[in-house]
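Just below is one structure, and these are the notes that go with it.
In what follows, residues are counted from 1 in the order of the sequence shown.
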Amino acid sequence: MTFVTSLTLESGDRAALDDIVGEIRDTVRRKGAELKGPHSDSPKQHFVSQYKQLDGEGDTFDSWSYTVYRRRVEIRGADDLARDIMTWDFPNSVHVTADIERVQHVGSTA
């Protein structure tokens, strides 16, 4: 039985995001594990209204906008390595989530 760890990394700082994804990619390859990705999603542009008063009514300033970048990678069958990567000290500007899925090989029974 194989475990697949899917990591999703998001950040408004594209350079920091790409650096972290590159470190993950290089580490997984160096350890000889199987890596799928990185896959890039289209950047998402967000707009936030800025009101001139705290009650959120009345006149507004120009909207504040920011972009969020996302990368996805899958680490297959290297549970200890994936667990180790999740303990890294990621920059505050990079948000990391992990999903773990148990994959059963064809023909095997659980």
Side-chain angles (χ1 to χ4, degrees):
M1 189 166 330
T2 302
F3 288 91
V4 177
T5 304
S6 300
L7 301 178
T8 302
L9 299 95
E10 296 179 311
S11 180
D13 184 347
R14 187 178 194 168
L17 179 65
D18 289 339
D19 286 346
I20 292 297
V21 170
E23 286 182 40
I24 291 170
R25 182 194 60 227
D26 294 345
T27 300
V28 171
R29 287 181 181 167
R30 189 173 54 250
K31 298 288 185 174
E34 182 182 351
L35 178 75
K36 300 253 183 188
H39 304 288
S40 300
D41 293 346
S42 297
K44 291 195 177 181
Q45 189 76 21
H46 297 273
F47 297 92
V48 180
S49 299
Q50 299 184 89
Y51 293 94
K52 292 184 178 182
Q53 295 183 1
L54 292 177
D55 62 8
E57 295 182 16
D59 295 335
T60 60
F61 295 107
D62 291 337
S63 291
W64 174 59
S65 67
Y66 63 97
T67 304
V68 175
Y69 303 94
R70 177 185 286 176
R71 305 288 184 268
R72 294 173 288 110
V73 296
E74 286 184 0
I75 302 169
R76 296 181 168 267
D79 309 335
D80 292 338
L81 176 60
R83 191 176 306 113
D84 181 51
I85 289 172
M86 288 307 299
T87 65
W88 288 3
D89 188 21
F90 294 102
N92 289 335
S93 63
V94 178
H95 178 74
V96 181
T97 57
D99 291 313
I100 301 169
E101 181 181 1
R102 185 172 67 179
V103 179
Q104 193 170 359
H105 297 289
V106 176
S108 63
T109 59

task: With sequence neighbours excluded, tell me which residues meet side chain to side chain contact (heavy atoms under 4.5 Å, CB included) with V96.
output: L9, M86, F90, V94
Residues forming a side chain to side chain donor-acceptor pair (under 3.5 Å) with R83, sequence neighbours excluded: D80
task: Work out which heavy atom in A78 is nearest to a heavy atom in I75; give both atom names and the distance.
output: CB-CG2, 4.0 Å
message: Testing the basics here: between Y69 and G12, what is the closest heavy-atom pair and its distance to 0.1 Å?
response: CE1-O, 3.8 Å
- prompt: Residues two or more places apart in sequence or in another chain: which of them pass side chain to side chain contact (heavy atoms under 4.5 Å, CB included) with R29?
  reply: R25
- prompt: Taking only residues two or more places apart in sequence, or in another chain, which ones meet E101 in a side chain to side chain contact (heavy atoms under 4.5 Å, CB included)?
  reply: V103
- prompt: Given side chains that start at C-beta, do those of T27 and W88 come closer than 4.5 Å, heavy atoms only?
  reply: yes
- line: Those residues at least two apart in sequence (or on a different chain) that pass side chain to side chain contact (heavy atoms under 4.5 Å, CB included) with D18 are R14, R71
- prompt: From D41 CG over to R72 CZ, what is the distance, rounded to the nearest 0.5 angstrom?
  reply: 4.0 Å
- request: Could you tell me the separation between the CD1 atom of I20 and the CD1 atom of I85, rounded to the nearest 0.5 Å?
  value: 10.5 Å
task: Group every Ile, Leu, Val, Met, Phe, Trp and Tyr by side-chain heavy-atom contacts under 4.5 Å, then state whether L35 and V4 land in the same group.
output: no
message: Give me the atom names and distance for the closest heavy-atom approach of E10 to L17.
response: N-CD1, 4.1 Å
Check residues 44-56 and write down every donor-acceptor pair under 3.5 Å in which the side-chain atom is one partner and the other belongs to a residue at least two apart or another chain.
unit_1, atom_1, unit_2, atom_2, d
Q45, OE1, T67, OG1, 2.6
Q45, NE2, S65, OG, 3.4
Q50, NE2, D62, O, 2.8
D55, OD1, E57, N, 3.0

query: For the atom pair OG1 (T97) and CZ (R70), what is the distance rounded to the nearest 0.5 Å?
result: 7.5 Å
- prompt: Under the 3.5 angstrom rule, does the side chain of S11 hit a backbone N or O of S93 as a donor-acceptor pair?
  reply: yes
field: Inter-residue atom distance R76.CZ - T5.OG1, 0.5 Å rounding
entry: 10.0 Å
message: To the closest 0.5 Å, what do you measure between CG (D99) and OG1 (T8)?
response: 6.5 Å
